[in-house]
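Here is the structure we will look at.
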Amino acid sequence: MPAVSKGDGMRGLAVFISDIRNCKSKEAEIKRINKELANIRSKFKGDKALDGYSKKKYVCKLLFIFLLGHDIDFGHMEAVNLLSSNKYTEKQIGYLFISVLVNSNSELIRLINNAIKNDLASRNPTFMCLALHCIANVGSREMGEAFAADIPRILVAGDSMDSVKQSAALCLLRLYKASPDLVPMGEWTARVVHLLNDQHMGVVTAAVSLITCLCKKNPDDFKTCISLAVSRLSRIVSSASTDLQDYTYYFVPAPWLSVKLLRLLQCYPPPEDAAVKGRLVECLETVLNKAQEPPKSKKVQHSNAKNAILFETISLIIHYDSEPNLLVRACNQLGQFLQHRETNLRYLALESMCTLASSEFSHEAVKTHIDTVINALKTERDVSVRQRAADLLYAMCDRSNAKQIVSEMLRYLETADYAIREEIVLKVAILAEKYAVDYSWYVDTILNLIRIAGDYVSEEVWYRVLQIVTNRDDVQGYAAKTVFEALQAPACHENMVKVGGYILGEFGNLIAGDPRSSPPVQFSLLHSKFHLCSVATRALLLSTYIKFINLFPETKATIQGVLRAGSQLRNADVELQQRAVEYLTLSSVASTDVLATVLEEMPPFPERESSILAKLKRKKGPGAASALDDGRRDASSNDINGGVEPTPSTVSTPSPSADLLGLRAAPPPAAPQAPAGAGNLLVDVSSDGPVAQPGLGPTPEEAFLSELEPPAPESPMALLADPAPAADPGPEDFGSPIPEADELLNKFVCKNNGVLFENQLLQIGVKSEFRQNLGRMYLFYGNKTSVQFQSFTPTVVHPGDLQTHLAVQTKRVAAQVDGGAQVQQVLNIECLRDFLTPPLLSVRFRYGGAPQSLTLKLPVTINKFFQPTEMAAQDFFQRWKQLSLPQQEAQKIFKATHPMDAEVTKAKLLGFGSALLDNVDPNPENFVGAGIIQTKALQVGCLLRLEPNAQAQMYRLTLRTSKESVSRHLCELLAQQF
């Protein structure tokens, strides 16, 4: 056992730790821990009162046992008692125990809050810091509600010590990240900004972190920080390393603060004030100049600190994108790092230059480094650096260097790591298409792609080349000749067979005059690959054969023999069997003219956005393909760009990437399977069409409605996919909805599709459809960043007794959402009884290690279960009189908040769910509607009348239903729409 010094105040703790370390087995350790726990429990429960030292010692032991991985279920009250001690060490241990072991929902939180309040009011800076650290570490909503108003006051108080200000700023930052709605934004805002002028650098550093977070949500409130940040940055940059001795790190003055200030400035556009802008430009130039100076130390810490400031400076220069001189200088500085011996610097230089390449001011400067980047692609040992080199080549590509870059990337593709081959293929395909000087080069490039990396050539790529060949008469003959030669290779990838089958089936007649590629030779060549291919490719080849019968009548007998073979007519695959039978009958029965009409050449495809670019965006995240989105280089691009890739007419089997969720553009009529790309992150949630379900035979609408038939009595939730959770979490577990939740909900009262929520990280889209008392909702969660979301957990919460009124069951979603990707969640809904409050949607995930959470109101309101009802005027007034009791009517007179447009009003009423009845009201300006609220328990009839007064810009809305609560609720919902 190690010796314990006489000055050590807790000898018993040292002995216990030593005993644990000396245990020879896990069993011995558990035995020793159980013995100690029994001893501590007896001490806490004994009649003799423990002094502060003993409590501190035993609480420390419990904390150590907890850190070893054992559960601790007692000692919490003793730790709380330590908070009232006037000794620093005892109070410190108490706060440490609470920060680590006390749950945010613990019953002791109120006692802890009282102790914290006393310490915050004590004006003892040490005790105040301990209390602030505890608030930040626990970070519960209850603590936030208790201290959110006090902490800003401590932060801006003139008599607060620097260490207290520093702790208060970081504590406020923690509370804001956990519960933004609790942090008051008011009179203290300007005083927080002025902390940037504080003499203490630690206070400034903490304040910058707080302001950077706050200004992202309220940029206008903190706009005054720009000039102060520039002023502080200027003083740091122009200072010598001896001026800020306490904050100089290896001869670099205040590197962490400098980086934070530069990041804060990236939250805003360039300063409007000429003097401030000039001072900032001078700072940036100074940083670039210092980067050229010889290092003051050979230590790696010095270069790391210096380069951290440099790279953040370059990021700010790129963000402003308004100073050509600085952009070019930044590019040249990064160019020097491309051959640096440090791998991390080479990686960061390549990454930053990718962004610089999209600027019109620095694009030419970036291009001067093309040879160095190509060399990095060939010789780098680190795969991540090679990937960034490929990204930079892609970004710097334009018409002047396209052939060189595509050639180098094709050469690299032969030895590229398997993990990035698909991405390289997509980039080569995009560059070849965008900067094609002639179409023959483009065709050669895509066929080379298939030859080199056929397994990684997605359907989008070879669909695209078929679309371009079909639309361009001048390349069709060359394409047919080239693909015919490519098919003659002994080892031929299946994607090459698909391309060859389509092109020869459409344009094989253009090379049929050459004896070396006569029709029988073409057929023999394709049929020699038939037995090696998958079912989908065989189906395509069978369609090519029937096209050959139309193009080359002399091959009819041979092809009919193939179709008549037992292996085709009795094929186990129904698709191949059906094609063989139909094509054989068609070739035997149809006349030459009919055959020519049925099998005529494919028409040109309409021009749309290339889905190759969309696929790359989905793979890399937002902004990955910014080089191609940049209009600066679009001006000279050939009209080969655009267009939707075809699904060959020779394929009818759905592909694995078939569009089943409306994610892609609508295909042209001639090619009913074309999966067109989508440039947006989310599906088109604003369209009115329902979401299709994979693997269903009927149309999407029929499939949806058939699945929403009322369930059988013995299985009331038969249509729901997943069993309900054992216990529905209460709303208190997920916090209150965000402040704008009601506003977002109101947008969906009269519509079913749209974007429910969007911020800089996440986009949530909704598509839903309802029938009778059943509904299905699709939620689309889109990751707008390039960083993967971890522990992604969306949960539907029923406030109060809503679960007895509305049944919502969900399908689970993946716990990880990749950058730029989207996941879909299906909700099946059944209205059991009328309800007033909507369910809540709580979304929790981790972004960059930091927990994120938000709670929204799910757009499910009672009017979603409205079934419109048509009725004659006589029936309407008869029913209106029957609902004449005062409690059955709800009326509201209100001022119009939107322009009073009759067509818009009509659309909103129809979207609300009621049927509009014509020629019922004597005043043709008024709107009359009728419908039935469908619930499982009962049906609630509803009549409404909306009377607009254009002159007074007012409405009078009257609703009558058979249930009082429904009348009032529908009246409130509908009135908010006008």
Side-chain angles (χ1 to χ4, degrees), residues 4-14 16-17 39-41 43-67 72 74-104 106-140 142-143 146-151 153-155 157-172 174-175 200 202-203:
V4 180
S5 66
K6 293 181 180 179
D8 193 324
M10 288 190 287
R11 179 182 178 84
L13 175 64
F16 174 62
I17 294 174
N39 177 54
I40 297 172
R41 199 186 299 269
K43 293 291 185 182
F44 285 166
K45 289 184 176 181
D47 296 333
K48 185 179 178 181
L50 295 177
D51 58 11
Y53 164 78
S54 299
K55 285 182 184 177
K56 177 182 71 170
K57 179 178 66 175
Y58 293 133
V59 166
C60 272
K61 288 183 178 180
L62 290 177
L63 188 57
F64 179 71
I65 292 170
F66 175 79
L67 295 179
I72 300 298
F74 69 99
H76 299 74
M77 183 56 74
E78 283 70 19
V80 173
N81 291 337
L82 286 175
L83 300 185
S84 58
S85 171
N86 288 323
K87 292 185 177 180
Y88 170 76
T89 55
E90 294 175 8
K91 191 181 289 283
Q92 179 195 34
I93 294 301
Y95 275 124
L96 179 60
F97 185 92
I98 288 165
S99 300
V100 175
L101 271 89
V102 174
N103 188 290
S104 59
S106 170
E107 298 174 355
L108 299 174
I109 285 292
R110 186 163 297 180
L111 292 174
I112 297 169
N113 286 353
N114 289 335
I116 291 175
K117 265 195 172 79
N118 293 334
D119 283 337
L120 291 180
S122 69
R123 312 312 296 171
N124 182 320
T126 305
F127 292 174
M128 292 176 74
C129 287
L130 285 175
L132 290 167
H133 295 168
C134 181
I135 296 171
N137 285 330
V138 176
S140 67
E142 188 171 344
M143 274 196 175
F147 303 109
D150 297 332
I151 298 172
R153 194 161 50 248
I154 294 172
L155 175 61
D159 58 346
S160 292
M161 297 284 288
D162 292 334
S163 59
V164 175
K165 288 183 181 179
Q166 194 171 350
S167 298
L170 295 177
C171 181
L172 196 61
R174 170 70 174 87
L175 291 182
H200 193 275
V203 174

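As a basis for the values below, the full set of heavy atoms in this structure was taken, side chains included, without hydrogen atoms, waters or symmetry mates.
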For [Y], is there any backbone N or O sitting under 3.5 Å from a side-chain donor or acceptor partner on [X]?
X      : Y      : value
Lys91  : Ser85  : yes
Ser167 : Val164 : no
Ser160 : Leu155 : no

side-chain contact (heavy atoms from CB on, under 4.5 Å) between Ile98 and Leu83, intermediate numbers included:
CA-CA 10 Å; Ile98 288 165; Leu83 300 185; 3.3 Å; yes
[atom2] on [Y] to [atom1] on [X], rounded to 0.5 Å:
X      : Y      : atom1 : atom2 : result
Phe64  : Ile17  : CZ    : CD1   : 4.5 Å
Asn124 : Met161 : CG    : CE    : 9.5 Å
Glu90  : Asp51  : CD    : CG    : 7.5 Å
Glu142 : Arg110 : CD    : CZ    : 6.5 Å
Ile135 : Leu172 : CD1   : CG    : 10.5 Å
Tyr53  : Thr89  : OH    : OG1   : 10.5 Å

Are the side chains of [Y] and [X] in contact, using a 4.5 Å heavy-atom criterion?
X      : Y      : result
Asn113 : Phe147 : yes
Asn118 : Phe127 : no
Leu111 : Met77  : yes
Tyr88  : Leu130 : yes
Phe44  : Leu62  : yes
Arg123 : Asp159 : yes
Ile112 : Met143 : yes

Which atom names give the shortest non-hydrogen contact between [X] and [Y], and what distance separates them?
X      : Y      : result
Val203 : Asp162 : CG2-O, 3.4 Å
Gly52  : Leu82  : O-CD2, 3.9 Å
Gly139 : Leu175 : CA-CD2, 4.4 Å
Phe74  : Phe97  : O-CZ, 4.4 Å
Leu50  : Lys43  : CD1-O, 3.8 Å
Ala168 : Ile151 : O-CG2, 3.5 Å

If you measure only the distance, is there a donor-acceptor pair under 3.5 Å linking the side chains of Ser122 and Asp119?
no
Salt-bridge contact Asp150-Lys117 (side-chain N to carboxylate O under 4.0 Å):
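Salt bridge: no.
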Could you go through the side-chain contact (heavy atoms from CB on, under 4.5 Å) check for Val100 and Asn137 one step at a time?
CA-CA 8 Å; Val100 175; Asn137 285 330; over 6 Å; no
With His200, which residues qualify under ring-ring contact (aromatic ring centres under 6.0 Å, His included), at least two apart?
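For His200 there are no ring-ring contact (aromatic ring centres under 6.0 Å, His included) partners, ignoring immediate neighbours.
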